[in-house]
There are 2 protein chains.
Amino acid sequence: MNIYFSCSLTGGRDDQPVYAAMVDYLLAQGHTVPTAHLAHSEVMKEEAEIDPVTVYRRDIRWLDECEAMIAEVSTPSHGVGYEIAYALRLNKPVLCLHRRNARVSKMITGNTEPTLTVEAYEDEKGASGTLQKFLETKFVR
Amino acid sequence: MNIYFSCSLTGGRDDQPVYAAMVDYLLAQGHTVPTAHLAHSEVMKEEAEIDPVTVYRRDIRWLDECEAMIAEVSTPSHGVGYEIAYALRLNKPVLCLHRRNARVSKMITGNTEPTLTVEAYEDEKGASGTLQKFLETKFVR
């Protein structure tokens, strides 16, 4: 499957290790993740060198093409919030994952869009289990 | 005019004084601002007492009803990013304002949606001037 993975860049990178673990898990399961590079620790330097319109158009194209979106929402981000609304508008299945103790916007936790799932996780292993369950529920393999 | 003002809540409240100044300016000009209470310093306690689905449905209804959206985007926020995408989908005029030195997501700064305007400001007075110019440009009075 083609999965758009979304995580905070400009908003903060404190959760970068868990982003990398999630993307590694998806890739190991054989999925295509066009945004895989966004989970890497060195991404901020790479992305800083690309002009904003190019990044915007690239990410919108990837969202249009994906079969599902997975967003890590523990760290606030305008870009991730924007992308969640954009994907839901296209009726794509969207999974928002956050650390159990993270404070998450009520526009996410109270959202009633039918293709949205919001789940908390305790650790990287728990997050991988939630990813697996989401993909199996949404897509009969 | 009915103007939806959007600012960070869960994402952080460091810019609260400028939110209040912007809303006070809009109200003084005679506009209706359903989200005016979100600019107050005591809002976090009030909003914490409302369940997430009620907040989500209330904010979506206000977005559906508004004539324009003004978002302060200096502090990252999933909710604000979500609302920007939602308002642009409805072809509403959207003004995103940020402090000159703030780092803003490329999904905002590189966004090519035709009804979006992004502007930096130096101080509260400059922000008010930009608000005024946006409203005059978008709406012949």
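Just the heavy atoms: all of them, side chains too, but no hydrogens, waters or symmetry mates, feed the values below.
- Residues B:Tyr56 and B:Tyr82 form a side-chain contact, since some pair of their non-hydrogen atoms from C-beta on lies under 4.5 Å apart.
- With contacts defined as side-chain heavy-atom distances shorter than 4.5 Å, the pair B:Leu97/B:Phe134 does not qualify.
- At least one donor-acceptor pair under 3.5 Å links the side chain of A:Gln16 to the backbone N or O of A:Ala39.
- Highest contact tally toward chain B, considering only A:Cys96, A:Ala85, A:Pro52, A:Ser8, is held by A:Pro52 [criterion: heavy-atom pairs under 4.5 Å].
- In this structure, B:Leu116 CG and B:Lys92 NZ are separated by 15.5 Å, a value rounded to the nearest 0.5 Å.
- The salt bridge (charged side-chain N to carboxylate O under 4.0 Å, His left out) search around B:Arg58 returns B:Glu47, not counting sequence neighbours.
- Contact annotation for residues 101-114 of chain B against chain A (heavy-atom separation below 4.5 Å, listed by residue number): B:Arg103, B:Val104, B:Ser105, B:Lys106, B:Met107, B:Ile108, B:Thr109, B:Gly110, B:Asn111, B:Thr112, B:Glu113.
- Of the possible polar contacts, none joining the A:Thr54 side chain to the A:Ile50 backbone as a donor-acceptor pair under 3.5 Å is found.
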Give the table of side-chain donor-acceptor pairs shorter than 3.5 Å for residues 64-81 of chain B, with sequence neighbours excluded, one pair per line with atom names and distance.
| unit_1 | atom_1 | unit_2 | atom_2 | d |
| --- | --- | --- | --- | --- |
| B:Asp64 | OD1 | B:Tyr86 | OH | 2.8 |
| B:Glu67 | OE2 | B:Asn2 | N | 2.7 |
| B:Glu72 | OE1 | B:Ser74 | N | 2.8 |
| B:Glu72 | OE1 | B:Ser74 | OG | 3.3 |
| B:Glu72 | OE2 | B:Ser74 | OG | 2.7 |
| B:Glu72 | OE2 | B:Tyr121 | OH | 2.5 |
| B:Ser74 | OG | B:Arg99 | N | 2.8 |
| B:Thr75 | OG1 | B:Asp15 | OD2 | 2.6 |
| B:Ser77 | OG | B:Gly79 | N | 3.3 |
| B:Ser77 | OG | B:Val80 | N | 3.0 |
| B:His78 | NE2 | A:Thr75 | O | 3.4 |

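- Taking 4.5 Å as the heavy-atom cut-off, none of the residues of residues 17-26 of chain A approach chain B.
- Other residues, nucleotides and ligands contribute only 12 or fewer heavy atoms inside 6.0 Å of the CZ atom of B:Arg57.
- Residues B:Leu88 and B:Thr115 are in side-chain contact: their nearest non-hydrogen atoms beyond the backbone lie under 4.5 Å apart.
- Between B:Ile60 and B:Glu83, the closest side-chain pair of non-hydrogen atoms is not below 4.5 Å.
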